[in-house]
Amino acid sequence: MVRALLVVCLFTGCAPHDANAQANAHANADADAHAHADADADAEGKAGGTFRFAAATADGVGIFDAATGRAIVRAPALPVDDLVLDPERGRLLTFELDADDEMGRVVARSFWTAAGWGLGAPLQLAAVDGIARLLPVPSAVVAFEDAYGPRWHVLVDGRPRASLPAPMPRAVWSSGDQVHALTQEPDASWTTRSARATESGFHATTAAPVPGLVHESARAVALAAGVVAIDVVGGALVLRLAERTTPVPVAVAEIADARAISPTRAAILAGGPTRLIVVELGSSGSVSFASLRLDEPTRADPRFLSRALVAVGAARVLVATAVRVHAVDVGPELQLLRDASFRDDGARAPIDGPLR
Amino acid sequence: MDRRVLLPLVLLLAGCAEEGTVVTRDALPDTTEGVDGTTGDATVEDGDSAPPDDTLAGDAPLAETSDETAGETTGETGASDAPPADTDPDAAVSCAPTPAPAITKTGVAGKFLLQGTVVTPDTFFVGEVLVEGDTITCAAASCASMPGAATATVIDTRGIIFPGLIDTHNHILFDIFDETDWAPTKAYGNHNQWPAEPRYSAMVDAKQYLNGEGTSTWDFGCEMEKFGELKGIVAGTTSIAGSANPANRSCYASLARTVDQSPNDLGVDTVQAATLFPTKTSADGVCANFASAKTTAYLIHIAEGVDTSALGEFAKLGTITTTPECLYAAQTTIVHGTALGDPELTTMAAKGMKLTWSPRSNVFLYGGGTDLTKTTNVPLALAKGINVALAPDWSMGGSQNLLDELRFADKVDNTVWGNKLTPKMLVEMVTTRAAKNLALDAKIGSLAAGKKADLMVIGGDASAPYDALLAATPREVRLVMIGGLALYGDVAVKAIAPAAPGCETIDVCCASKFVCVAETGGTTTNKLGQTYAQITGALSKALTDYDALALTAHKFAPLTPLVRCK
């Protein structure tokens with residue numbers, strides 16, 4: 001296993017109290033979202049416990065068992081371009097494209113019915129004349145749109161709100177109603193933007209430059225040590241913290257997605273060839289990593305936020321490619337082991353989770 | 001019924017006080033209004049106004065031959081409640097009467113024989129065009145031998161008959177705005193830069209909210225679409241690729257052909273327009289559509305701008321797909337291509353790719369409004385054998401219509417390139433060459449037997465018809481026929497327009513024109529029964545109401561004029 005040293009510090013404008021936001025948000029969601037009894041015996045006893053995840057399928061969306069990969073419920077949908085769970089409201093949000101991929105709609109489906117896990121009738125929340133990525137916040141849904149220019153919208157039923165002109169995020173993380181994003185500006189420079197998203201719109205917006213990022217597919221994750229930017233330089237993976245960079249000797253062409261899987265670990269899905277890379281930041285500033293080659297192409301566009309990774313605790317990662325989902329167990333020493341028993345039941349990117 | 005109403009007040013309001021003209025009012029309902037889209041007091045003579053329903057009540061009587069109005073002038077006072085006309089403060093237009101077309105024989109419904117100078121547009125000659133149903137059955141020096149000619153209504157156009165113009169690049173829902181609503185604050189390098197301007201963003205918010213996007217419960221999308229179509233029709237445009245969304249709404253079936261939507265009256269929609277650089281998934285889907293012939297024309301914005309970022313999009317288009325360069329194909333039309341140089345144009349020519357040129361928009365966004373060099377290298381593209389179409393993009397800094405765009409293109413050519421583009425070449429860019437970009441040249445774009453009966457008639461020097469089109473404005477457009485239906489033109493030939501549910505009379509730069517907007521079968525859902533007055537009234541109110549929400553400091557009322565007379 002290759003290890004490399006990393007000097008830990010924070011990007012300007014990324015306050016330390018936000019650093020655990022993503023991981024904490026997941027943990028909180030996992031703990032609070034559903035107290036319903038789980039009738040799915042298949043899910044018990046596996047590494048994923050009783051967790052579920054949501055994913056696109058060839059012709060719709062579904063809820064799947066995170067331990068076995070088995071589909072629990074499916075529903076038809078238009079081509080799903082983005083998908084995110086909104087645990088506080090018990091719903092699955094999707095951005096679905098029309099036939100020509102030039103227009104889409106934000107759709108909500110309840111994922112819990114009187115009979116248990118299910119997918120309720122689709123409810124169109126919004127129409128978008130372009131591309132959108134979604135993020136639920138406590139009081140609304142944020143839609144990052146590229147529709148005759150990029151803007152951020154707060155979607156509140158029937159009520160107009162001025163949008164925020166800002167680039168489409170490459171990575172987002174939130175804490176309460178605070179939304180943070182890594183964006184690339186029209187002049188190709190990089191910025192971290194923060195704003196408070198409420199029913200009345202965006203407030204207290206800030207933007208801080210992120211120097212040094214190079215590749216258009218760059219992503220970022222919030223770890224305990226700070227926000228780590230993930231870049232590609234010269235065909236290799238590079239982690240950046242402020243002005244300090246740490247090369248990770250894995251050949252990659254682009255970053256498809258990156259997610260925090262614990263306060264110190266991040267999973268990275270890279271393309272060209274497709275690889276899952278897990279990095280761990282040690283308390284001394286060291287970086288450990290491991291990678292696992294996957295056979296299928298990723299489903300990602302470097303210009304847009306993508307959702308291809310789900311952390312099921314710190315020891316299991318679900319990895320969605322363009323055609324299927326893999327389960328990879330992460331050992332204490334970062335050993336990556338693909339769960340061969342994990343069923344290919346039609347799930348594919350985008351994915352989100354976990355739920356239980 | 002007195003068929004004449006004198007409306008010199010309209011003319012006065014239009015800045016045309018020195019001369020008047022007769023406005024004929026002969027079909028129901030007869031709302032006469034100015035072309036600025038203002039409504040609310042559009043009643044003439046007897047207090048009639050457009051009915052509030054989506055469908056117009058009653059049958060409209062077929063008017064008699066209206067040649068009587070030709071050449072007449074008057075200065076008498078007419079209705080006192082005439083609407084404000086074109087509000088363009090720079091309007092300066094001659095109000096001298098122009099020769100009007102005439103109906104010389106009334107025939108059976110659905111058959112028309114148009115006489116005049118016929119521009120096919122490969123050539124021109126004095127002759128006839130026979131329309132039967134929605135199809136041209138003859139375009140020749142004489143169509144007398146055609147069986148249908150004997151029973152056709154004969155129109156002496158006293159003008160020049162062109163194929164209907166084809167707009168291959170428009171963002172039609174934005175045509176309710178113009179550069180008074182937004183203009184860039186500086187010259188930009190590429191299309192990713194100017195959308196960050198706050199006023200532009202606020203304008204897009206307004207467009208979205210009126211169109212029912214986001215969580216809006218408003219829905220003026222049909223009105224926005226039809227207003228954009230009308231902007232084209234009054235300038236002789238019969239087909240528009242307008243990139244309207246949501247796609248394929250039933251209301252798009254009215255007025256101009258929405259050639260990138262399924263309600264295009266062509267039986268099938270194989271035109272796919274893209275305003276965004278495609279994702280890999282989307283691009284692979286287009287390649288699959290090429291293979292299956294589901295898509296025969298792919299209109300994609302590429303290389304819009306003048307910097308390396310814009311230029312880089314062309315190479316990316318070749319690598320975005322799983323099968324490299326599958327979008328470098330004859331079905332693909334590069335929209336803009338402003339940044340393209342010799343290597344890229346060479347590739348395009350080798351692959352049979354096509355180009356749509358929007359010079360006024362280019363100069364507006366990337367040349368500070370004045371640097372005419374900041375546009376696509378069209379002479380080089382043509383020299384390499386690339387098929388080039390011309391289109392206005394949208395109303396903001398782009399031209400109000402294709403006639404404006406033709407003139408601007410001619411100006412760029414004369415100023416920058418030394419007059420390399422002849423008027424005939426420019427006309428081909430909005431007719432035959434435009435049809436080729438859409439892969440619809442078998443159906444539209446020329447006057448020939450078997451083609452759809454989409455045509456326009458203008459006045460002007462018939463011995464130089466291509467120059468005449470470059471000089472024409474909506475005032476000189478005497479007749480526009482789409483699918484064999486006369487939808488716009490001089491009131492002198494209003495009698496050939498659809499009798500039911502009726503047409504309206506509007507003032508266009510001192511010329512009285514009929515426009516047929518409402519259709520039978522209208523419902524509150526499909527809105528096909530809406531009149532011009534209802535459409536502009538709804539949009540005007542919607543913009544005012546939107547401004548009243550005060551989401552930002554930027555205001556977008558009033559509705560942009562249908563026509564600018566300058």
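Below, chains carry the letters A, B, ... as their sequence lines are ordered, and counting in each starts from 1.
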Just do the side chain to side chain contact (heavy atoms under 4.5 Å, CB included) check on A:Asp98 and B:Asn245 with the steps written out, would you?
-> CA-CA 10 Å; A:Asp98 73 1; B:Asn245 276 318; 4.0 Å; yes
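- Contact count versus chain A (heavy atoms, under 4.5 Å) is highest, among B:Glu197, B:His171, B:His191, for B:His171.
- Looking at B:Ser243, both its backbone and its side chain come within 4.5 Å of chain A, counting heavy atoms on both sides.
- The backbone N or O of B:Phe277 lies less than 3.5 Å from a partner atom in the side chain of A:Arg303, making a donor-acceptor pair.
- Only the side chain of A:Glu145 comes within less than 4.5 Å of a heavy atom of chain B; its backbone N, CA, C and O stay farther away.
- Under the 4.5 Å side-chain criterion, counting only non-hydrogen atoms from C-beta, A:Pro160 is not in contact with B:Ser216.
- Of the inter-residue distances, the one linking B:Leu549 atom CG with A:Arg161 atom CZ reads 9.5 Å to the nearest 0.5 angstrom.
- Per-residue counts of heavy-atom pairs under 4.5 Å with chain A were compared for B:Tyr546, B:Phe174, B:Trp194; the largest is that of B:Phe174.
- Summarising the local packing, NZ of B:Lys555 is surrounded by more than 12 heavy atoms from other residues, nucleotides or ligands at distances under 6.0 Å.
- Using a 4.5 Å heavy-atom cut-off against chain A, the contacting residues of residues 200-214 of chain B are B:Tyr200, B:Ser201, B:Val204, B:Asp205, B:Lys207, B:Gln208, B:Tyr209, B:Gly212, B:Glu213, B:Gly214.
- Remark: the backbone N or O of A:Val156 is paired with a side-chain donor or acceptor of B:Thr215 at under 3.5 angstrom.
- For the set A:Gly104, A:Ala166, A:Ala127, A:Ala188, the entry with the most heavy-atom pairs within less than 4.5 Å of chain B is A:Ala127.
- How far CG of A:Asp187 is from CG of B:Asn190: 9.5 Å, rounded to the nearest 0.5 Å.
- With rounding to the nearest 0.5 Å, the separation of OH in A:Tyr148 from OG1 in B:Thr275 is 4.5 Å.
- Both the backbone and the side chain of A:Ala147 come within less than 4.5 Å of a heavy atom in chain B.
- When all heavy atoms are compared, the tightest approach of A:Asp301 to B:Lys280 is OD2-N, 4.1 Å.
- Of all the listed residues (A:Pro297, A:Ala143, A:Pro165), the one sharing the greatest number of non-hydrogen pairs under 4.5 Å with chain B is A:Pro165.
- Atom OG of residue B:Ser282 and atom CG of residue A:Leu97 lie 8.0 Å apart, to the nearest 0.5 angstrom.
- The contact between A:Leu155 and chain B is made by backbone and side chain atoms together, counting heavy-atom distances below 4.5 Å.
- Of all the heavy atoms in B:Leu276 and A:Gly130, the pair that sits closest is CD1-CA, 3.9 Å.
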